[in-house]
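In the text below, chain A, chain B and the rest are named by the order of the sequence lines, each starting its count at 1.
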Amino acid sequence: VAVQARVAEAAFDPAAELAAFSERAPGAGGVATFTGIARPSSAGGAAVERLFLDHHPRLTPASLEVVANDAAARFDLIAAQVVHRCGIVQAGEPIVFVAAAAPHRRAAFDAVDYMMDRLKTEAVFWKREDRVDGAHWIEPTEGDCADRARWSETCPGSTKA
Amino acid sequence: MKVQLFGSLAETIGREVELEAGPGARVADVRRQLSELYPAAAATLARTRVRACLEDRIVGEEQPVGDEAELSFFPPLSGG
């Protein structure tokens, strides 16, 4: 399985990622992708101008690789990819892109869903929302942990303070 | 010793600070020392969800840390 995981320091183009990914997945019967976009409003409704994603030089890329490799091991895939932004991300810009190519559609859909649920709680990033009412650091929600638990492995973010 | 901070802690304290760990120091001692030096970060550092990381592995509060060690503190992650 061709697995790629990358931390992107600048804006990326999901269409270009898909084109390049498809070339690495010869013989696929289907490609599923998900693009996460920096929302222009917070959970509470305040306008968000931009996000800042702090990251770790070694653990961040390693965390993306683990998720992509686990998807490749778990589902019947030909290729898997994760691209995740770091640094300043303007509202409306892509923040994450995941892709899975498989002989059949179900594995591709499931792998994309699985990678996103894992990334929400395990990708080594610290996200700050720069809102009109000030800057706020974001933590994983119970909903993120519940999504993660669908795949029946322990959620590292669920430990109560 | 070098202590690296991430997320909100990096904003309050800076990415890296140099501390004198002292003989027999453990993670909990470094956490306490940081809180005293940077009171603005004390509430965050006091949370059990803010984990310590030594040589790229999450470690417990009783982990000994020498002056050669490079210790990091990680607030809860938020990706995706």
Side-chain angles (χ1 to χ4, degrees), chain A residues 7 34-39 43 51-64 67 82-86 89 94-98 113 115-130 135-141 143-145 147-148 155-161, chain B residues 1-19 26-32 34-35 37-63 65-66 68-80:
Chain A
V7 180
F34 175 84
T35 303
I37 294 165
R39 263 186 294 272
L51 301 175
F52 170 64
L53 286 147
D54 194 11
H55 77 291
H56 187 283
R58 293 177 303 278
L59 295 179
T60 301
S63 69
L64 303 185
V67 169
V82 173
V83 180
H84 203 302
R85 278 295 312 276
C86 68
V89 183
I95 181 170
V96 62
F97 173 85
V98 302
D113 198 14
M115 287 191 280
M116 277 312 303
D117 283 346
R118 295 234 2 225
L119 288 170
K120 290 299 284 189
T121 52
E122 288 172 59
V124 176
F125 290 98
W126 296 272
K127 187 192 284 176
R128 187 187 70 205
E129 284 182 352
D130 292 349
H136 301 265
W137 289 92
I138 306 301
E139 297 191 1
T141 64
D144 292 335
C145 289
D147 289 341
R148 172 70 171 78
C155 175
S158 68
T159 326
K160 295 277 173 17
Chain B
M1 68 178 300
K2 281 197 178 104
V3 182
Q4 290 195 325
L5 295 314
F6 292 87
S8 62
L9 288 172
E11 202 165 70
T12 322
I13 297 175
R15 174 65 88 208
E16 189 173 292
V17 291
E18 192 80 35
L19 292 182
R26 291 166 193 275
V27 167
D29 303 313
V30 179
R31 201 187 279 261
R32 199 174 310 117
L34 263 184
S35 302
L37 287 169
Y38 301 93
T44 302
L45 284 165
R47 301 177 56 202
T48 52
R49 285 183 68 179
V50 173
R51 312 296 302 274
C53 182
L54 186 69
E55 281 151 23
D56 295 350
R57 286 174 188 280
I58 299 292
V59 292
E61 293 302 293
E62 296 306 312
Q63 173 73 37
V65 283
E68 303 301 305
E70 215 180 89
L71 189 68
S72 304
F73 285 98
F74 286 4
L77 306 175
S78 51

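The environment of CD in B:Glu68 is sparse: at most 12 heavy-atom neighbours from other residues, nucleotides or ligands sit within 6.0 Å.
To the nearest 0.5 Å, the span separating OG on B:Ser72 from NE2 on A:His56 amounts to 4.5 Å.
Contact annotation for A:His55: only backbone heavy atoms (N, CA, C, O) come within less than 4.5 Å of a heavy atom of chain B. Using a 4.5 Å cut-off between heavy atoms, B:Arg15 touches chain A through its side chain atoms alone.
B:Leu77 is listed as a side-chain neighbour of A:Trp126, based on a closest heavy-atom distance under 4.5 Å. With contacts defined as side-chain heavy-atom distances shorter than 4.5 Å, the pair B:Phe6/A:Val124 does not qualify. Residues B:Glu11 and A:Asp54 have side chains not in contact (no heavy-atom distance under 4.5 Å, counting atoms from C-beta outward).
The residue from A:Glu139, A:Lys120, A:Lys127 that alone fulfils the side chain to side chain contact (heavy atoms under 4.5 Å, CB included) condition with B:Ser78 is A:Lys127.
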